[in-house]
Amino acid sequence: MELAVTPAHPRTRKRFWALAGGLLFLGAALLFSICQGAAVFSPLSAWQILSGGAGQENFTILYHIRLPRLITGALTGVNLALAGCILQGILRNPLADPGIIGVSAGAGLAAMAVMILLPNLASLVPMAAFSGALAAVALVFFLSWENGIHPLRMVLAGVAVAAFFGGAMTALMVFYSDRVQGTVNWMAGGFAARTWSHVYMVLPYTLLGLAGTFAGSCWLNALQMGEDTARSLGVRVERVRLYLLVLAALLAASAVSVAGMLGFVGLVVPHMVRLLTGADFDYLLPASALWGAALVVGADAAARVAFAPIEIPVGVFMSFLGAPFFLYLLRQGMQRGH
Amino acid sequence: MAERETLLLANKLRLEYGGKVVADGLDLAIHRAEITAIIGPNGSGKSTLLKALARLLRPGAGSIKLRGKDLWSLSEKEVAQKIAFMPQSASIPPDLTVAEVLRMGRLPYRSFWRSWQAGDDVICQKVLQLTGLTAFAQRSMGALSGGERQRARLALALAQEPQILLLDEPTTYLDIRHQLELMAIVSSLHEKMGLTVVMVLHDLNQAVRYSQRLVAMKAGRILADGEVAEVFSCELVRRLYGVENEIKTVEVHGQRQQVFFPSAVMGV
């Protein structure tokens, strides 16, 4: 897609490494994740066990525990990273993350309400979180509507809705302080005891998100140039923005529903990747998807293994490692003037 | 005025911004291969008019026709292939390169069935040449000077291959050299390719020098509209801005040029 005669794009190599590195890192994280744990397998024996079928010893550990867990992690990472990319592009605000459209607040309140008020129906938590997230997003969209969704109003509405739902969550915690214990893990976010049913819950949205964002990358490119410029380039700004926001909401809501409150990924991955690929969404989106998956799978594996047998919630682990790393990257980028 | 094909025709236009009427009863015809400058004090509605012509703002009443067809009956893409608009300020992400910015100018021609083609490359190369940016194609926007960045934004508009180019205060934030450079590019586009240009300008000397036609607006109405030589006068400037002024003719390189000098604010 580069112009022919002019010299190569200055980021050609960085872009290559953003994609190739993401793929390598993802592969390594997946391999590490399946082999390491309370029981350690070599990659070869893990392959033999999995291809050998249900009769094998250890098949249950690999097929019913590790595999769904790491796939759920990878898909969640993809979804959060893509949602973050979309939101940062539409709002033209580097601080935008899936929380900003109300996803986290809605999912958190709904999940907590089920866990506290209906503890017998714990299996419904993912569905409740998903519905809660979408309900909150719908509310934010409704509040920010003005001939289409108005980005600035959306940020403000998002903050208001998050504060309101946050208040409701606090109220639940105060009035049912004896039952809060069971919700803490979910709120911290993680992938312990995730099963194939969780995989099937996110997978459709991951596929939808991948197809939808890659089809929409040219619109994101135009939108980040500003509304007037995008419109004069023939983009139906209102319609495209709504389509992309709905996509981001579905991606984030499905991720939160299976992973709990996993912050950080949606905010930081697009940023990190952007330092390498630049602002062109044709590269930013696929690279972010790869790095999002790699980061979540890698962090989850590390959180499992690092202090075994104690398992650190992956959200906590990611924030502690990721935040300083992110600041480092940001400094590097600033010094080079990007 | 010689009989020319009318490209854009605004009829009894009423323009509203946030529920407030900014301009009313505007009639305006933009002719092919003519450079029109819209002048007027702040808040006179000139930028709003330009936005309406760019189909960025739907008129509250009246109509705009593009070669006889209502602007709003055409699709966004159809309009974007005919009209390019350069907003007064647009914060293009600093990590995009000039080539990437230009690539977006081909968006109006892109569809599900038609992706990037060799022809698009040719056009981008041509636009880079016209704007003197060939050497800067792979520089990021953040690494450019203000003048180069403005030329890149002009290049983005030109990559749309428009028949009509709308510029909103293209020279406002530039130093004098970059102002001249930009206006020289605009005039050469007009001379070589017969591009139709409508620009909002604050600098009256630039308006007089680079356009054939002046549209003077004040408080949402058109006060004067015609060929520069007929319309531009001390009296018009007084009525528009309330400024005492002198207009002299100087000869530069054998060409007679009107030069305007504001001497004092009236009534002070």
Side-chain angles (χ1 to χ4, degrees), chain A residues 1-12 14-15 88-89 92-94 146-148 150 211 214-240 270-271 273-284 333-334 336-338, chain B residues 51 54-58 75-81 83-110 112 115-116 118 120-122 124-125 128 133-143 153 156-157 159-160 162 166 168:
Chain A
M1 301 270 260
E2 301 296 338
L3 297 182
V5 187
T6 42
H9 192 281
R11 291 181 185 274
T12 306
K14 282 186 185 171
R15 280 177 175 168
Q88 286 174 15
R92 304 214 296 151
N93 182 340
E146 184 191 291
N147 300 322
H150 192 269
F214 297 151
S217 69
C218 63
W219 294 328
L220 277 165
N221 272 334
L223 280 175
Q224 66 172 342
M225 312 274 287
E227 208 173 308
D228 280 348
T229 306
R231 200 167 278 142
S232 60
L233 289 171
V235 176
R236 299 175 181 186
V237 171
E238 278 77 21
R239 194 181 299 189
V240 163
H271 256 300
V273 172
R274 191 175 177 139
L275 289 173
L276 288 170
T277 62
D280 188 341
F281 278 90
D282 289 352
Y283 299 91
L284 185 55
M334 272 177 191
R336 271 189 241 105
H338 291 300
Chain B
K51 278 194 172 181
R55 198 188 184 274
L56 299 185
L57 182 78
R58 195 188 275 271
S75 76
E76 286 84 348
K77 269 193 179 163
E78 284 173 303
V79 174
Q81 293 175 5
I83 304 177
F85 171 72
M86 183 169 123
Q88 189 181 345
S89 59
S91 47
I92 296 178
D95 48 353
L96 282 176
T97 62
V98 173
E100 283 170 336
V101 170
L102 241 66
R103 196 149 69 84
M104 290 181 209
R106 303 303 298 160
L107 203 58
Y109 299 91
R110 189 168 157 173
F112 194 76
S115 59
W116 189 262
D120 294 315
D121 268 335
V122 173
C124 286
Q125 289 299 335
L128 282 170
L133 287 170
T134 307
F136 298 90
Q138 300 303 345
R139 296 260 186 99
S140 62
M141 291 294 283
R153 293 177 52 208
L156 166 66
Q160 286 174 247
L166 306 177
D168 193 359

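The model shown is predicted, which means the values in this text are computed figures rather than measured ones.
Taking all atoms of both residues into account, the shortest heavy-atom contact from A/Ala279 to B/Asp95 is CB-OD1, 3.2 Å.
Ranked by non-hydrogen atom pairs under 4.5 Å with chain A, the options B/Arg153, B/Arg106, B/Gln160, B/Gln81 are led by B/Gln160. Top candidate by heavy-atom pairs under 4.5 Å with chain A, chosen from B/Ile92, B/Val122, B/Leu96, is B/Leu96. The greatest number of non-hydrogen atom pairs below 4.5 Å with chain B, out of A/Ser232, A/Gly278, A/Ala215, A/Ala230, is found for A/Ser232.
The backbone N or O of A/Thr277 sits less than 3.5 Å from a side-chain atom of A/Arg15, completing a donor-acceptor pair.
For B/Pro87, the part lying near chain A is the side chain, with the backbone staying farther off; criterion is any non-hydrogen pair under 4.5 Å. Of the atoms belonging to B/Ile83, it is backbone heavy atoms, and not side-chain ones, that fall under 4.5 Å from chain A.
Considering CD of B/Glu100 and CE of B/Met141, their distance stands at 11.0 Å, rounded to 0.5 Å. Taking CG of B/Leu107 as the reference point, atom CH2 of A/Trp219 lies at 9.5 Å (rounded to 0.5 Å).
Annotation: side chain of B/Arg55 is not in contact with side chain of A/Arg231 (no heavy-atom distance under 4.5 Å).
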